[in-house]
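Numbering of ligands and ligand atoms starts at 1, following listing order.
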Amino acid sequence: MKKVIEVESLSVFYENNQAVKDISFQAEKGRLIGIVGPNGAGKSTLIKAILGLEKAQGKVTVLGEKVNDVRKQISYVPQRNQIDWDFPVLVEDVVMMGRFTHIPWYKKAGKKDLEIVIESLEKVGMLEYRKRQIGELSGGQQQRVFIARALAQHADLFFLDEPFVGIDVTSEEIIINLLREIRNEGKTVFVVHHDLSKVEQYFDELLLINKELVEYGEVKNVYKPDILSKTYKGSITLFGNDENIMVVSE
Ligand code: ADP
Ligand code: MG
């Protein structure tokens, strides 16, 4: 099976603090993968390091190439708090940004690009909001627009950082269903996720981290009390047994 992504001994230092410690893993095509771990575990930093947005040591190979050579094929939805929601931009323009990797700098967006924008907005149920300012929308609607931007890019590999934080149930359902669709098309989706209650339902595989990699594998093999307590250390309390885990969060 061809690997979509290979990460070898990835480390990130912020001055004296090592946020990501020597992480290595390889993922295959067509998987929906949750990146879980407590606050400050380095989840966001790991994604940014993989994408080349944060200075890192180690080696990352995406689709058999260096990240910089396959940037068009990678879509990234940052954590909500990293986006300036007051920036004056229309919903349809945010989604068109997903097309920019495909449009040469000397050309305008074409009819085909606009069609893709409309189709992507339809998929997230936000077409009627296309002429609205992004800042006027609710948290869930804003997140759906960012998912539409990611869809419009027609990427092969997706990274979403805590897409379900601060959004309504309907938006969460729309987004998880779309992510499943994308996975079913053979693409690989990484989702940073902090709430453990849904991980069994949402993901095929889990990458559990706390600065270092604690475990990576099929959900049924790694969603286990001992692995969870090793990942979350004192920040969660677990009840139940291997088959029926109850978690009381941070
Ligand atoms: P998570 O996403 O798992 O909550 P982060 O990747 O945001 O964790 O952060 C990991 C660690 O790195 C934390 O201790 C955080 O304070 C630190 N950190 C994150 N970004 C920066 C930065 N730009 N400069 C310095 N320290 C940072
Ligand atoms: Mg984070």
Ser11 and side chain to side chain donor-acceptor pair (under 3.5 Å): which single residue from Glu212, Gln18, Lys21 fits?
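Going through Glu212, Gln18, Lys21 one by one, the side chain to side chain donor-acceptor pair (under 3.5 Å) with Ser11 is satisfied by Gln18 alone.
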
For the hydrophobic clusters of this structure (ILVMFWY residues joined by side-chain heavy atoms under 4.5 Å, transitively), does one cluster hold both [X] and [Y]?
X: Val20; Y: Val192; answer: yes
X: Val145; Y: Val124; answer: yes
X: Leu208; Y: Ile23; answer: no
X: Val77; Y: Val4; answer: no

Just the protein N/O/S atoms under 2.8 Å from the Mg ion (ligand 2), please, no waters.
->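 Near the Mg ion (ligand 2), below 2.8 Å, one finds Ser44 OG, Gln79 OE1.
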
If you measure from the Lys or Arg side-chain nitrogens to the Asp or Glu carboxylate oxygens, is any gap between [X] and [Y] under 4.0 Å?
X: Arg130; Y: Glu92; answer: yes
X: Glu218; Y: Arg31; answer: yes
X: Lys224; Y: Glu215; answer: no

- [ ] Take the angle between the ring planes of His193 and Phe164 and call it parallel below 30°, perpendicular above 60°, tilted in between.
- [x]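 Perpendicular: the ring planes of His193 and Phe164 meet at over 60°.
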
Quick check on ligand 1: any N or O pairs to the protein under 3.5 Å? One line per pair.
residue  : atom   : partner : partner atom : Å
ligand 1 : 2 (O)  : Ser44   : N            : 3.0
ligand 1 : 2 (O)  : Ser44   : OG           : 2.9
ligand 1 : 3 (O)  : Ala41   : N            : 3.1
ligand 1 : 3 (O)  : Gly42   : N            : 3.0
ligand 1 : 3 (O)  : Lys43   : N            : 2.8
ligand 1 : 3 (O)  : Lys43   : NZ           : 2.9
ligand 1 : 4 (O)  : Gly40   : N            : 2.8
ligand 1 : 6 (O)  : Thr45   : N            : 2.9
ligand 1 : 6 (O)  : Thr45   : OG1          : 2.5
ligand 1 : 8 (O)  : Gly42   : N            : 3.2
ligand 1 : 14 (O) : Asn17   : ND2          : 3.4
ligand 1 : 20 (N) : Tyr14   : OH           : 3.4

